[in-house]
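The next block holds one structure in the form of structure tokens; read it before the comments.
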Amino acid sequence: MDMKRDYYEDVQLFTSGVAVFWFGLLIVFLAAFPFLFKNYYVYVANYMAINVIVAIGLNLLVGYTGQISLGHAGFFAIGAYGTLIFMTKLHLPFLVALPAAALVAALFGLLLGLPALRLEGPYLSIATLGFGLTITQVIGRINLFGGRQGLHAPELWIGPWHLDSDRDFYYLLMTLTVILALGARNLVKTRVGRAFIAIRDADIAAETIGVNLMLYKSMAFAVSAFYAGIAGGLYAFVLRFIEPEIFTLLMSILFLAMVVVGGLGSIFGAITGACLLSWLDLQLRNILSIPYVGDWLEALSKSYFSITGVSNIQFIIFGLIMVLIMLFEPYGIFGFWIRTKKYWKTWPF
Amino acid sequence: MKKKLWVILLVVAMIAGLGVAAVAEEGVTDTEIHIGQWGPQTGPAAAWGSVARGTDAYFKMINDQGGIHGRKLIHHMFDDAYNPAKTMAGVKELQEGTGMFAWVSGVGTAPGLAVKDYLMERKIPWVGPSAGSQHWITPPQKNLFAVYPLYYIEAQALCRYAVNNLGKKRIAMAYQNDDYGKNGLQGATEELARLGLKLVASVPVEITDTDVKPHVMELKNSDADVVLLWTSVSHAVRLVGTSAAMQFKPQFMSTSTCSDFPLMIHISKGLWAGVIAATFGELPDSTDPLLQKYKKEAFDKFAAKDERWGLFYYAGILFAEPLVEGLKRVGRDLTREKLVQTMEGLSNFKGIGGSISYKPFDPKDPMSRQGMKEVFLVQCEADGKGKKLTDWMEIK
């Protein structure tokens, strides 16, 4: 069915006319989105897009290269602080400051990638965890970064264009997200992407056929950190205020959960995983306003979890959804998508 | 002909209806006033969640007694888990979905700062952010009314009392290395300079520090006889405990954030006894008639079964009092602009906290938007009760 007969067939961006059609439709929908929905949903879309960028980058590392990271909140923080510092102290324009900060994050990724050469699995996750925790501590103690008082984002100008609403920012964010998603898809189809996948599948075998492990493992970290850095820089402008305590371990874990729930080793999976978990993260606080179910959950929460019944239940539901996805669809949402596709292709047999 | 007349009448009625709808203020109807609030019920700051629940009971009490000029207060409260991204989402959803007339309280500096610009750009009144940060009034904002007395006022009051009433000369400070701690440090330094003294030691404490022995050692070496604790509740308890273990017994003094004495006695296993704290609200067992009224008519009637009557709970009432007073004074014809104008006229308004006054908006005067400037000092007794040491004192 998906048999490839030609190298160019494998590297082309879109596999069929149908894919091009749906991609076109998606772009049209994204362009029309702010006019179809209320401003609040535009903010939610912005929040999702930022997580999508991080998840795509993290998936290149975890899903494609098989290296785990629990420190992505650290790269995210570097991107956020770097962008603001470059803009306010060095007076660089936003479009220069953002990639510059992301490059700094990539540099840290590269440095973290070096010790990671000797570490695997749980050992690597602890090393990256340490990195994530250290970064926020260091940032909190440096006065240039505002210490624990945090930093305010300056007004955002791109040339003559003043981005002062969620809607303005949405277009910038979507453009970058689409470019970065396509960039990642291109990357995994090139020589570099193949090297990543080879390392994930069997690193010793990969080395014997000439893949430079040191180069590609640290490159995977650097690229992944670059994505997180870009996302962090954009996040600083969505919130317009940042402080070290925002970039917690929980954030790193949520990023990882997005990738795993979405489906490891798939760009589509990373996007859907990020969208789903961001949506749940923001929306579950409204769970108690669902008719009947909400009342029942509130009563349950009041009798077992909290005296007011306004809260804890959302985290239980959040955890439950993740457990169920992993239990019934170990390949995540992407696995579900593949199965659905197969079902329809062979239907009615 | 008759049909045409009906159509014309209908159109006229619709246009008139639209006109009325356009004039009415957002979040206000004939029978309701919508007020928004966030507060962590989960996450690292869940202990302060009772602030929002206190406000909720207070609004229910007001509604129970007939509301304000025939309108009920509709309280929209959500859990942001102390995460600014969630605060922003919740505020936008409520503001753009239901439409809030005003916002009240809201725990935390970071969550508040994330939404400050959003609310101010839309000219939405926000009363009583629940954190003593200077960010709220520097620079002052026309629609933002701070209630919480600044941390540096508390530090000044404590230093003054230590020197003038207790006759102490060697004062040291352990402060959390952030906005909150540095604010206290500034107050103490300034006040001591005025009294011709200096801090004998100032020891920064990081939020993530677990071992405070080095900090206590430094304080002990400074030979201090008074130590100001400007840290989180858990660090304050740890500092007092470690000091006791290291045979270092100065007079400890602390801020309003550590003045919930029953809680402090409980978690410090009795070591908090003797500590002097500044506080901005009446004591839980005070005989103040207004506080007793709130306990009976708000807490007893509307609080959840296991809720505790403590400082954080009725702080939710304290922060909302000026807003309610403003709404009462505006009268039936309620608009945001009128509310702001009326709030500016509040002078020596007394609720269960210190007296509150605002002034007409002056972009150069932060105090035009700082309501409470008074605190009083109280000493913790062995059973968790508080002994009032001073009356309300205003620091100028």
Side-chain angles (χ1 to χ4, degrees), chain A residues 37-44 46-47 50-51 133 136-137 140-141 143 146-153 155 164-166 235 238-246 248 250-251 254 278-279 281-289 301-303 305-316, chain B residues 38-46 49-50 52-53 56 76-97 108-118 121 133-135 176-183 204 206-209 303-308:
Chain A
F37 294 94
K38 278 192 301 197
N39 186 51
Y40 165 67
Y41 292 103
V42 179
Y43 168 75
V44 174
N46 288 350
Y47 181 69
I50 283 164
N51 285 331
L133 296 177
T136 49
Q137 282 305 310
R141 283 173 200 236
N143 277 336
R148 294 217 167 264
Q149 282 98 317
L151 287 178
H152 284 270
E155 291 287 308
D164 63 346
S165 68
D166 288 328
Y235 188 69
V238 167
L239 280 192
R240 291 167 77 169
F241 168 75
I242 51 169
E243 60 145 12
E245 264 179 87
I246 295 175
T248 55
L250 197 67
M251 189 183 232
L254 198 64
S278 319
W279 175 255
D281 192 32
L282 291 184
Q283 287 299 317
L284 273 180
R285 69 192 147 71
N286 295 333
I287 194 163
L288 297 179
S289 47
S301 176
K302 261 185 188 160
S303 31
F305 307 118
S306 81
I307 54 168
T308 50
V310 281
S311 52
N312 306 22
I313 205 83
Q314 58 179 312
F315 289 93
I316 294 167
Chain B
W38 65 90
Q41 305 296 324
T42 51
S50 51
R53 306 199 292 268
D56 193 57
H76 300 263
M77 155 182 131
F78 69 91
D79 171 27
D80 66 341
Y82 212 67
N83 174 347
K86 286 192 192 177
T87 318
M88 182 81 117
V91 167
K92 283 189 174 172
E93 188 180 20
L94 280 175
Q95 193 60 51
E96 290 159 22
T109 308
L113 280 176
V115 297
K116 188 184 104 181
D117 290 351
Y118 174 82
E121 277 161 17
S133 167
Q134 280 179 313
H135 286 298
Q176 191 160 298
N177 196 8
D178 66 0
D179 190 38
Y180 155 62
K182 285 186 177 165
N183 215 308
E206 295 297 329
I207 296 175
T208 44
D209 284 345
K305 201 171 73 217
D306 299 330
E307 191 78 74
R308 190 173 66 91

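Protein chains get the first letters and strands the later ones, always in sequence-line order, with residue 1 at the start of each.
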>> Which one wins on heavy-atom pair count under 4.5 Å against chain A: B/Lys86, B/Lys116, B/Gln176, B/Gln95?
In response: B/Lys86
> Top residue by heavy-atom pair count (under 4.5 Å) with chain A, among B/Gly90, B/Gly181, B/Pro204, B/Ala81?
Replying inline: B/Gly90
>> Could you measure the distance from the NZ atom of B/Lys92 to the CG atom of A/Leu282? Nearest 0.5 Å is fine.
In response: 11.0 Å
>> I need the A/Met251 CE to B/Asn83 CG distance, nearest 0.5 Å.
In response: 7.0 Å
> Who are the side chain to side chain donor-acceptor pair (under 3.5 Å) partners of B/Glu121, not counting sequence neighbours?
Replying inline: A/Arg240
>> Report which part of A/Asp281 has an atom under 4.5 Å of a heavy atom belonging to chain B: side chain, backbone, both, or neither.
In response: both
> Is chain B contacted by the side chain of A/Leu239, its backbone, both, or neither, given a heavy-atom distance below 4.5 Å?
Replying inline: both
> So do the side chains of A/His152 and B/Leu113 get within less than 4.5 Å of each other, counting heavy atoms only?
Replying inline: yes
>> Going by ring-ring contact (aromatic ring centres under 6.0 Å, His included), name the residues that satisfy it together with B/Tyr118, two or more places apart in sequence or in a different chain.
In response: none
>> Restricting to non-hydrogen atoms, name the atom on A/Glu243 and the atom on B/Ala110 that form the minimum distance, rounded to 0.1 Å.
In response: OE2-CB, 3.1 Å
> Can you name the nearest heavy-atom pair linking A/Tyr235 to B/Ala85, along with the distance?
Replying inline: OH-CB, 3.3 Å
